[in-house]
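Below is one structure, written out as structure tokens; the observations come after it.
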Amino acid sequence: MGGCSTKIKLDEELEKRIQENTEFDSEEIGLLYKRFMKENPDGVVRKEDFHLITEELGFKDDYFADLLFEAIDTEGNGKIDFEELCKTMSITMRGKLDQKLEFVFKVYDLDGNGLIERDELHNISEAIFKMVGENSIFQDNEEVQKYIDEAFDEADQDGDGGISLEEFKSIAKSDPKFLQSLGPFRA
């Protein structure tokens, strides 16, 4: 993250691809790119810089910041490029409920096996509770964990020990408290 100015122009093909895959128009993409390149002259955000950014946004938990970074870094190369950032911003800012839930599911599915297991849900909810603290809908972490167990049992409709994407969407859409428990990912 640096403050040096740059005159690098956004590649037309990249701009077109971002426009096709996000809810941003050409002008918005141009403004985002200008800001992105001003803050990241080498064109990427590395994990250590991402930690600083998320901390400024109130995400004080490094574990959670790492999970978020990995979900945004769709190429898995340890860097977030402009296109990855735009896609994520579009989903979180303007995406439809299903898109947001798919992104949250990706963050919560720690091992990437297509299921959220009980321990994954506990780990994430504990990190979120640490982050939101007094702004939580729960009194303490024990209450969070109790609710998570109840929600998990309800969501795991086929009883296979994991919550699939479809089961996750189903509980999120039917239980307002579950949506609230998603912390910063409220859809």
More than 12 non-hydrogen atoms from neighbouring residues, nucleotides or ligands closer than 6.0 Å to [atom1] on [X], yes or no?
X	atom1	value
E12	CD	no
K16	NZ	no
E27	CD	no
E13	CD	no

Applying a strict under-4.5 Å side-chain criterion to I, L, V, M, F, W and Y, I'd like to know whether [X] and [Y] cluster together.
X	Y	answer
F103	M93	yes
L110	F105	yes
V107	L97	yes

Salt-bridge criterion met for E150 and K146 (N-O under 4.0 Å) |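 Here E150 pairs with K146 in a salt bridge, since their nearest N and O are under 4.0 Å apart.
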
Donor-acceptor contact present, side-chain [X] to main-chain [Y], <3.5 Å:
X	Y	value
E20	R17	no
D11	E15	no
D175	I171	no
T92	T88	yes
D81	V44	no
Q19	D25	no
S170	E166	no

Do you know the tightest heavy-atom contact between [X] and [Y]?
X	Y	answer
D111	L115	OD1-O, 4.2 Å
D42	R46	OD2-NH1, 2.6 Å
P41	K38	CD-O, 4.1 Å
K106	A71	NZ-O, 3.1 Å
G78	D73	N-OD2, 2.7 Å
I72	E84	O-CB, 3.5 Å

Passing candidate, salt bridge (Lys or Arg N to Asp or Glu O under 4.0 Å) with R118, options D160, D156, D153 |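 For R118, the salt bridge (Lys or Arg N to Asp or Glu O under 4.0 Å) test succeeds with only one of D160, D156, D153, which is D153.
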
Go through the steps for R35 and L31 under the test side-chain contact (heavy atoms from CB on, under 4.5 Å), then give the verdict.
-> CA-CA 6 Å; R35 175 73 190 266; L31 291 170; over 6 Å; no

Decide yes or no on side-chain contact (heavy atoms from CB on, under 4.5 Å) for V45 and E39, but give the supporting numbers first.
-> CA-CA 9 Å; V45 177; E39 296 293 324; over 6 Å; no

Given the rule in the side-chain contact (heavy atoms from CB on, under 4.5 Å) test, do Y108 and I163 qualify, once you have shown the distances and angles that lead to the verdict?
-> CA-CA 10 Å; Y108 280 41; I163 301 171; over 6 Å; no

For residues 63-70, please give each side-chain donor-acceptor pair under 3.5 Å, one per line with the distance, not counting sequence neighbours.
from	atom 1	to	atom 2	distance (Å)
D66	OD1	H51	NE2	2.5

Salt bridge (charged side-chain N to carboxylate O under 4.0 Å, His left out) between K87 and E83: does it pass, once the steps are laid out?
-> CA-CA 6 Å; K87 286 178 180 177; E83 185 172 7; 3.6 Å; yes

Can you list the steps and then say if F168 with S164 is a side-chain contact (heavy atoms from CB on, under 4.5 Å)?
-> CA-CA 6 Å; F168 184 77; S164 68; over 6 Å; no

